[in-house]
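These values consider heavy atoms only, across backbone and side chains, with no hydrogens, waters or symmetry-generated copies. One-based numbering along the sequence shown.
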Amino acid sequence: MNRHLPKVLLAFAGLLLILALINLDGGEDPHRGSGKESDPRAPAEGGSGSTIEGQDMPANHDQLMQIENLKGMLEKNPADSEHWIMLGNLYYDIGKFAQALGPYEKALLLAPANENVRVDYAVCLFNTGQDGKAIQELDKVVLANPNHQTATYNLGVIHLHAGNKDRARQYWNRTLQINATTDLASKARDALDRLK
């Protein structure tokens, strides 16, 4: 056995302890950006984020890496609805709504009763200018579950966008009836106030 090996292992253990203490102390890893929390459904902001040896990395670098990993997994197992959902969600999160459509469509073929995926799919359709299809998808959700508050609220948004204030008002009033204490209810209340 090499007589220097215990010293090397001891030094390595000390380094790991220092790194652990830095992380416990709230120190930031300089390779991961600020660590600031953000709205999970807001598109990622532009600009640089992480750096590797002084080179700027996109702010959504980690998400882009996750996307590539999921694509590889789905090539091996294309019948995995959960990973299709995760891929769609990652595209959604970085504001790539057109790219999210395909994964959501595959997920819905495998799990057509997943209302939340259908709502996210409808939001992507809306954000790619397909208002009519978005309304059809949200109508399916509300037909299956009249108390799906997100689908109901989003129907109001799309109808207002299409210039149909009366329909928007109906959906936002229904949003309040479903549950008046949620953030969506607050948004619906504000939207209704602006319509007056």
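Between N164 and R169, the side chains place no donor N or O within less than 3.5 Å of an acceptor N or O (distance only, hydrogens not considered). A side-chain N or O of N116 and one of H148 form a donor-acceptor pair less than 3.5 Å apart. In summary, the side chains of N145 and E115 do present a donor paired with an acceptor at a separation below 3.5 Å, with no hydrogens or angles considered.
For the pair F126/H161, a side-chain contact is recorded, criterion being any heavy-atom separation below 4.5 Å from C-beta on. Within the 4.5 Å cutoff, no side-chain heavy atoms of Q136 are placed close to those of L125. When side chains are defined from C-beta on, L184 does not count as touching I178, because their heavy atoms never get closer than 4.5 Å. At least one side-chain heavy atom of L160 sits under 4.5 Å from a side-chain heavy atom of W172. No side-chain heavy atom of M86 sits under 4.5 Å from any side-chain heavy atom of P103.
In terms of heavy atoms, A134 sits closest to A122 at CB-O, 3.3 Å. The heavy-atom pair separating P146 from T152 by the smallest distance is O-OG1, 4.2 Å. Considering every non-hydrogen atom in both A168 and G156, the closest pair reads CB-O, 3.3 Å. Taking every heavy atom of both residues into account, R118 and P112 meet most closely at NH2-O, 2.9 Å. Here the shortest heavy-atom pairing between A100 and C124 reads CB-SG, 3.7 Å.
Here K133 contributes atom NZ and I158 contributes atom CD1; the two are 13.0 Å apart, rounded to the nearest 0.5 Å. Between the CG atom of L101 and the CG atom of D120 there is a distance of 11.5 Å, given to the nearest 0.5 Å. To the nearest 0.5 Å, atom CD of residue E137 and atom CD of residue Q130 are 10.0 Å apart. One distance of note links OG of S81 with CG of L109; it measures 11.0 Å at 0.5 Å rounding. How far OH of Y91 is from CD of Q99: 6.0 Å, rounded to the nearest 0.5 Å.
Between Y153 and Y171, the distance separating the two ring centers is not shorter than 6.0 angstrom.
Hydrophobic clustering, with ILVMFWY side chains joined whenever heavy atoms are under 4.5 angstrom apart, groups L195 together with L176. Y92 is connected to I85 through a chain of hydrophobic side-chain contacts under 4.5 Å among Ile, Leu, Val, Met, Phe, Trp and Tyr, so both are in one cluster. Placement of Y121 and F97 within a single hydrophobic cluster is found when ILVMFWY residues are connected by side-chain heavy-atom separations under 4.5 Å, directly or transitively.
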Inset, instruction - Using the side chain to side chain contact (heavy atoms under 4.5 Å, CB included) rule, take I135 and D139 through it: C-alpha gap first, then chi angles, then the decisive distance, then the call. - result: CA-CA 6 Å; I135 289 172; D139 282 342; 3.5 Å; yes
Legend entry - Trace of the side chain to side chain contact (heavy atoms under 4.5 Å, CB included) decision for L155 with R167: CA-CA 8 Å; L155 279 164; R167 291 294 301 235; over 6 Å; no
Legend entry - Verdict with reasoning, R174 to N147, per side-chain hydrogen bond (donor to acceptor under 3.5 Å, both in side chains): CA-CA 9 Å; R174 176 69 187 129; N147 291 322; 2.6 Å; yes
Inset, instruction - Could you walk me through whether N89 and V117 pass the side chain to side chain contact (heavy atoms under 4.5 Å, CB included) test, one step at a time? - result: CA-CA 9 Å; N89 288 344; V117 171; 5.9 Å; no
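Among N154, L138, V157, the one residue that satisfies the side chain to side chain contact (heavy atoms under 4.5 Å, CB included) test with V123 is N154.
Annotation for D193: atom CG counts as buried by contact number, over 12 foreign heavy atoms lying within 6.0 Å.
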